[in-house]
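Scroll down for the structure; my scribbles are underneath it.
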There are 2 protein chains.
Amino acid sequence: MDVKLKQQASAITELTFDLLRCCEAKEKLFAKEHGLKVAEFRCLRIVEAGKTYSVQELASSMHLSPSRLTRIIDGLFAEKLVDRVQSIEDRRFAKISLTNKGQTLVGKLKEEYAALHGEMLKDISVSDRDKIYQGISLMQGLVSTWLVKNV
Amino acid sequence: MDVKLKQQASAITELTFDLLRCCEAKEKLFAKEHGLKVAEFRCLRIVEAGKTYSVQELASSMHLSPSRLTRIIDGLFAEKLVDRVQSIEDRRFAKISLTNKGQTLVGKLKEEYAALHGEMLKDISVSDRDKIYQGISLMQGLVSTWLVKNV
DNA sequence: TCCTTTTCTTTGCTAAAGTCAAAAATAACG
DNA sequence: CGTTATTTTTGACTTTAGCAAAGAAAAGGA
């Protein structure tokens, strides 16, 4: 049983590692095709239309430092993709939200990124897709809670 | 059916994205704890004891440029973790291999990295672990073949 | 043999990604 | 009102990465 765990852990470690490299390459390619820096694409992907975010919210959900986020937002602001206003309730906070231009772009981005994955997934069975979903979902949960405990 | 694909693709896109961010944070943490740069850790993880590699072999299996690899190897060489000798058969080629020190470190690294994943996986069932394995394995295959076609 | 072309690696330069520590601005607390 | 805490930004720096050109060696003609 302990042996079984070790085997499984080893195999999963290896696979996850390879998957990571491939997905990073995929993200880089996609960002480039859309004229975005990878960091910008990653940031845009997590902001939802109509919502506002503080710098730290974005930083922690991207697992980056606030100062890094300031710069990423600088870039998006310069391209008029996001707005940045001081919060009235607490003027230390920034309120970052998508502009109309940003909303349009993010909509397109999400659609095309999902379409890219659709292209990859189209030739396998529904149940295999479900296996992928379940497996990644489980793994994501584990890594995520592990991170919370260990950072 | 098409709708089903779209749903599944969307969900998988989202999850994979989150998993990626978490795993990157995990790698960064682990590398730091072992006094390595992330790129160095990633490189060491793929070289096997006793084997020799050319710069391009390493570059392509890490999805990086040869020039980037030259620098990563520079660093590992400076720490006496790898040897770099000119191939006798074809002196354009470098032959990169682990030193004894490197082998010891890589052994420890692989063991501890697998143990870290074991820690994450220890509280779930064997069948859930198998689901993770299957899901990630399928996904890795898809992304990998997609990359080959699209780069 | 000598010249050209090709292949593999390295070097120089540059950009992008990211962190840390200190500063600036504001809020909150005694 | 002064001190402390919080949020963001700035400056300086490191790490990661690629491109183009140079260097070095092999391979192929003529």
Side-chain angles (χ1 to χ4, degrees), chain A residues 20-21 24-46 52-79 82-97 151, chain B residues 20-21 24-46 52-79 82-97 151:
Chain A
L20 213 61
R21 295 295 82 72
E24 284 172 353
K26 183 192 66 186
E27 274 190 355
K28 188 178 290 186
L29 220 71
F30 186 83
K32 198 172 186 179
E33 276 173 7
H34 290 78
L36 291 167
K37 294 173 189 168
V38 175
E40 289 175 341
F41 166 59
R42 290 180 178 182
C43 184
L44 285 176
R45 267 236 47 192
I46 63 167
T52 65
Y53 301 82
S54 71
V55 172
Q56 3 180 55
E57 272 173 337
L58 293 176
S60 73
S61 66
M62 291 179 73
H63 301 277
L64 293 173
S65 64
S67 64
R68 178 69 187 119
L69 255 288
T70 294
R71 262 92 182 215
I72 295 171
I73 293 160
D74 281 349
L76 296 172
F77 186 76
E79 307 224 44
V82 301
D83 264 338
R84 171 163 48 183
V85 300
Q86 220 177 15
S87 163
I88 309 171
E89 308 91 64
D90 185 335
R91 292 194 295 177
R92 287 172 299 186
F93 282 84
K95 287 171 80 170
I96 291 134
S97 59
V151 174
Chain B
L20 213 61
R21 295 295 83 70
E24 283 173 354
K26 185 191 65 187
E27 274 190 355
K28 191 179 288 187
L29 218 72
F30 186 83
K32 197 174 186 178
E33 275 173 7
H34 290 79
L36 291 167
K37 293 174 188 166
V38 175
E40 290 175 341
F41 166 60
R42 289 180 179 182
C43 184
L44 285 176
R45 268 235 47 192
I46 64 168
T52 65
Y53 301 81
S54 70
V55 172
Q56 1 179 57
E57 272 174 337
L58 293 175
S60 73
S61 67
M62 291 179 72
H63 299 278
L64 292 174
S65 67
S67 67
R68 177 70 188 120
L69 254 289
T70 294
R71 262 92 183 213
I72 294 172
I73 294 160
D74 282 349
L76 296 172
F77 186 76
E79 308 225 43
V82 302
D83 265 337
R84 170 162 49 182
V85 301
Q86 219 178 18
S87 164
I88 309 170
E89 308 92 61
D90 186 335
R91 293 192 295 178
R92 287 171 300 186
F93 282 84
K95 287 172 80 171
I96 291 135
S97 59
V151 176

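Numbers restart at 1 for each chain; the letters A, B, ... are given by sequence-line order, proteins then strands.
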d(CZ, A/Arg21; C1', D/dA17) in whole Å: 14 Å
Assuming nearest nucleotide by heavy-atom distance, tell me which of A/Gln86 and A/Arg68 is located more 5' along DNA chain C. A/Arg68
Rounded to whole angstroms, how far apart are CD1 on B/Ile72 and C1' on D/dT14? 15 Å
C/dA17 OP1/OP2 closer than 4.0 Å to side-chain N/O of A/Arg42: no
Nucleotide nearest B/Arg71 (side chain, heavy atoms from C-beta), chosen from D/dG18, D/dT10, D/dA25: D/dG18
Got a donor-acceptor pair under 3.5 Å from the side chain of B/Arg92 to the base of C/dT9? no
Using the side-chain heavy atoms of A/Pro66, tell me which of these nucleotides is nearest: C/dA17, C/dT9, D/dT9. D/dT9
Using a cut-off of 4.0 Å on non-hydrogen atoms, how would the nucleic acid contact of A/Leu64 be classed: base, sugar-phosphate, or nothing? sugar-phosphate
Which sits closer to the 5' end of DNA chain D, A/Ala94 or B/Asp90, going by the nucleotide each is nearest to? A/Ala94
Rounded to whole Å, how long is the line connecting atom CG of B/Leu29 with atom C1' of C/dG18? 15 Å
Can you check whether A/Lys28 has a side-chain N or O nearer than 4.0 Å to OP1 or OP2 of C/dA16? no
Describe the nucleic acid contact of A/Lys95 in one word from base, sugar-phosphate, nothing, applying a heavy-atom distance below 4.0 Å. nothing
Working to the nearest 0.5 angstrom, can you tell me the gap between A/Leu69 CG and A/Glu57 CD? 11.0 Å
Can you measure from OG (B/Ser54) to CG (B/Asp90) and round to the nearest 0.5 angstrom? 10.5 Å
Taking for each residue the nucleotide of DNA chain C bearing the nearest heavy atom, is the 5' side occupied by A/Ala39 or by B/Asp74? B/Asp74
Is any side-chain N of the basic residue among A/Lys95 and A/Asp83 closer than 4.0 Å to the acidic one's carboxylate O? no
In this structure, how many angstroms lie between the C1' atom of D/dA17 and the CG atom of B/Leu58, rounded? 16 Å
Give a yes or no on whether a salt bridge exists between A/Arg45 and A/Glu27, defined as a side-chain N under 4.0 angstrom from a carboxylate O. no
How many angstroms lie between atom CG of B/Leu76 and atom CD1 of B/Ile96, to the nearest 0.5 angstrom? 9.5 Å
d(NZ, B/Lys37; C1', C/dG18) in whole Å: 14 Å
Without decimals, in angstroms, what is the distance between A/Phe93 CZ and C/dA24 P? 21 Å
Partners meeting ring pair (Phe, Tyr, Trp, His ring centres under 6.0 Å) with B/Phe30 (sequence neighbours left out): B/His34, B/Phe41, B/Tyr113
Please evaluate the base of D/dC19 for a donor-acceptor partner in the side chain of B/Ser67 within a cut-off of under 3.5 Å? yes
So A/Arg91, base contact, sugar-phosphate only, or nothing? Heavy-atom distance under 4.0 Å. sugar-phosphate
Can you tell which of C/dT9, D/dT15, D/dT8 lies closest to the side chain of B/Ser54? C/dT9
A/Gln56 CD - C/dA27 C1' separation (whole Å): 14 Å
A/Lys32 has an atom NZ; how far is it from atom P of D/dG18, in whole Å? 9 Å
